[in-house]
> 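Below are the structure tokens for one structure; questions will follow.
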Protein chains: 2
Amino acid sequence: MSKGSSERKVAQVKRGGGVSHVYETLRNEIIDLKLAPGSPIDETELSERFSMSRTPIREALVRLSAEGLITALTNRTTVVSNIDFVQLGAFFDALTLMYRVTARLAAQHYDESDLAVIREHQASFSNAVHAGDVLGMIATNRDFHLAIASAGRNKYYTDLFRRLLDDGRRILRLYYHSYDDNLPRQYVAEHDHMISAMIARDVETSDRLATEHADQIVRQIRSYISADSRSTSSITF
Amino acid sequence: MSKGSSERKVAQVKRGGGVSHVYETLRNEIIDLKLAPGSPIDETELSERFSMSRTPIREALVRLSAEGLITALTNRTTVVSNIDFVQLGAFFDALTLMYRVTARLAAQHYDESDLAVIREHQASFSNAVHAGDVLGMIATNRDFHLAIASAGRNKYYTDLFRRLLDDGRRILRLYYHSYDDNLPRQYVAEHDHMISAMIARDVETSDRLATEHADQIVRQIRSYISADSRSTSSITF
DNA sequence: CATTCTCATCTTGTCGACAAATAAAATTCA
DNA sequence: TGAATTTTATTTGTCGACAAGATGAGAATG
């Protein structure tokens, strides 16, 4: 713009690769609450930040909008979607059901490669817990459960579960300062039990353990919300 | 382009309204199989057809891609997604579960306005059945069940259910020529029973009826597929 | 005659610019 | 002073054009 012709494009990785980069970057920032709910998103600003035209930026935003992570008001500025506390009950309901269903299906359909991936994520989660890395816990926990869902071989459940876990990440991120110290260790053990039941191809036990795990997490989040004074101030508009 | 300056834009409805028009038009054409699975989608061609630039066309395509209705290969032409017969078991599984869950929740949470909408769609379905309008049946049946899902007040379930019902529309559309004559009438009766159970707020009966209804539909589709010789030739990709 | 390389053409991905719509600021009028 | 209205400015939606990558035809070579 100002420097002239010599500066082409620094990190023009691939033709079409910039879009997914913007998409994933923004997606992570939204889920990790680096972009606060309700904060406006300026296309021109992003265009400068990623040093690319508004067109690919726009495409990434459309994708995020389709996922419900941002809300696009026509002709007005688009904003980061709010965390919908009104639908919290629906969230817990669906989350619990997906925990159960994916655990059942994983016990039925998993193969050795699935198991390897699951164990890997469980190890990462365990590491994050012992290191006291709360953000790592939240992320690796999500990956662990998503790996179980993948082993279940049902894309419909996997897709919904991913959406739920990501919404959950945002909520947990909001309350992570009060993240308890002993609960994560318990989660590690519960994960191990779930893996054992899956290996035994024991559908009913897998279901039961998943239910308990889900109930535990729901209870945890509920207690955070009721204990935290911010819960009311976060309910915007 | 050639005529000069006098022709501006004929149906420039609203600024930003063209995108959703393209989106919905293409969406319906894909679901109704007017656009065959695997058929290529040319942006320039659509640009001429809707008499607008490629930019809004592209935005609609990104949305459809996010929904999984079209598959975009980078730098290559995008195609209408295939009906995934490999995942058919997963489809039936998720469909049945959503029938059950939404019926349960509707019995718990519906209000009078929901009931009115549901009855309206049921009437439309009934009309389509008596008129022998197969395409109308498929569409109104979808709307009926989606209305029940809405009454359940859980956006996660509603969104997944919509996706499932639309995938189901494509499959039914593929086999509609063998659509049986007496089954639809039975469906009308089953729908009425489901409404009655909902009004009685009887969760367990709603669940049971939904399960039976789902099993019936799954059985129907399965019989079509096994009876139809096209089932193998349609497995493209 | 088959195979590989080259080149032309076509489609997509990206860009800069302009127009419409909205939000903000300034001005006028009661 | 305050409310209504005009003006300005910012931001989004759309456009036409160009460049990168891909597809396919035809030439060249073995």
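These figures come from a predicted structure and were not determined experimentally. Every chain is numbered from 1, with letters handed out A, B, ... down the list of sequences.
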> In whole Å, what is the span from the CG atom of A:Leu46 to the P atom of D:dT12?
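Value for this atom pair: 9 Å.
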> Looking at B:Arg162 and B:Asp159, is any side-chain nitrogen of the basic one under 4.0 Å from a carboxylate oxygen of the acidic one?
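Salt bridge between B:Asp159 and B:Arg162, a charged N being under 4.0 Å from a carboxylate O: yes.
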> Expressed as a whole number of angstroms, how long is the span from B:Glu59:CD to D:dT12:P?
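After rounding, the gap between these two atoms is 13 Å.
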> May I have the list of side-chain donor-acceptor pairs in residues 17-24 of chain B shorter than 3.5 Å, sequence neighbours left out?
{"from": "B:Ser20", "atom 1": "OG", "to": "B:Gly17", "atom 2": "O", "distance (Å)": "3.2"}
{"from": "B:Tyr23", "atom 1": "OH", "to": "B:Glu67", "atom 2": "OE1", "distance (Å)": "2.3"}

> Closest approach of B:Val79 and B:Pro40, non-hydrogen atoms and distance?
CG1-CA, 4.0 Å
> Report which part of the nucleic acid A:Leu61 touches: base, sugar-phosphate, or nothing (heavy-atom distance under 4.0 Å, all strands).
nothing
> Which whole-number value in Å describes the distance from A:Arg15 CZ to D:dA22 P?
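Distance, rounded to whole Å: 9 Å.
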> Less than 4.0 angstrom from a charged side-chain N to a carboxylate O is my criterion; do B:Arg153 and B:Asp114 meet it?
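Salt bridge present between B:Arg153 and B:Asp114.
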> Send over the distance from B:Glu43 CD to C:dC10 P, rounded to a whole Å.
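Atom CD in B:Glu43 sits about 16 Å away from atom P in C:dC10.
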> In terms of side-chain heavy atoms of A:Ser53, which of C:dG16, D:dT14, D:dT12 is nearest?
C:dG16
> What is the distance, to the nearest angstrom, from the CZ atom on A:Arg76 to the P atom on C:dA20?
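Result: 19 Å.
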> Take the protein atom CZ of B:Phe50 and the nucleotide atom C1' of D:dT14, then report the distance between them rounded to whole Å.
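One finds 16 Å between C1' of D:dT14 and CZ of B:Phe50, rounded.
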> Contact class for A:Ile57 vs. all strands (heavy atom < 4.0 Å): base, sugar-phosphate, or nothing?
nothing
> Could you work out which one of C:dA20, D:dA22, C:dT14 sits closest to the side chain of A:Val19?
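Closest of the options to the side chain of A:Val19: C:dT14.
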> To the nearest angstrom, how far is A:Glu45 atom CD from D:dT12 atom P?
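My rounded result for the distance is 10 Å.
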> CZ of B:Arg119: more than 12 outside heavy atoms within 6.0 angstrom?
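Counting neighbours around CZ of B:Arg119, 12 or fewer heavy atoms of other residues, nucleotides or ligands fall under 6.0 Å, so no.
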> Rounded to the nearest Å, what distance is computed from the CD atom of residue B:Glu48 to the C1' atom of nucleotide D:dC15?
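Rounding to the nearest Å, CD of B:Glu48 and C1' of D:dC15 are 15 Å apart.
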> Let me know, please, whether A:Thr74 or B:Arg54 comes out on the 5' side of the other along DNA chain C by nearest nucleotide.
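With A:Thr74 and B:Arg54 compared, the 5'-side residue is B:Arg54.
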> Taking the nucleotide of DNA chain C with the nearest heavy atom to each, does B:Asp42 or A:Asn75 sit closer to the 5' end?
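Per heavy-atom nearest nucleotide, the more 5' residue is B:Asp42.
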> Nearest-nucleotide wise, let me know which of A:Thr55 and A:Thr77 is further upstream toward the 5' end of DNA chain D.
A:Thr77
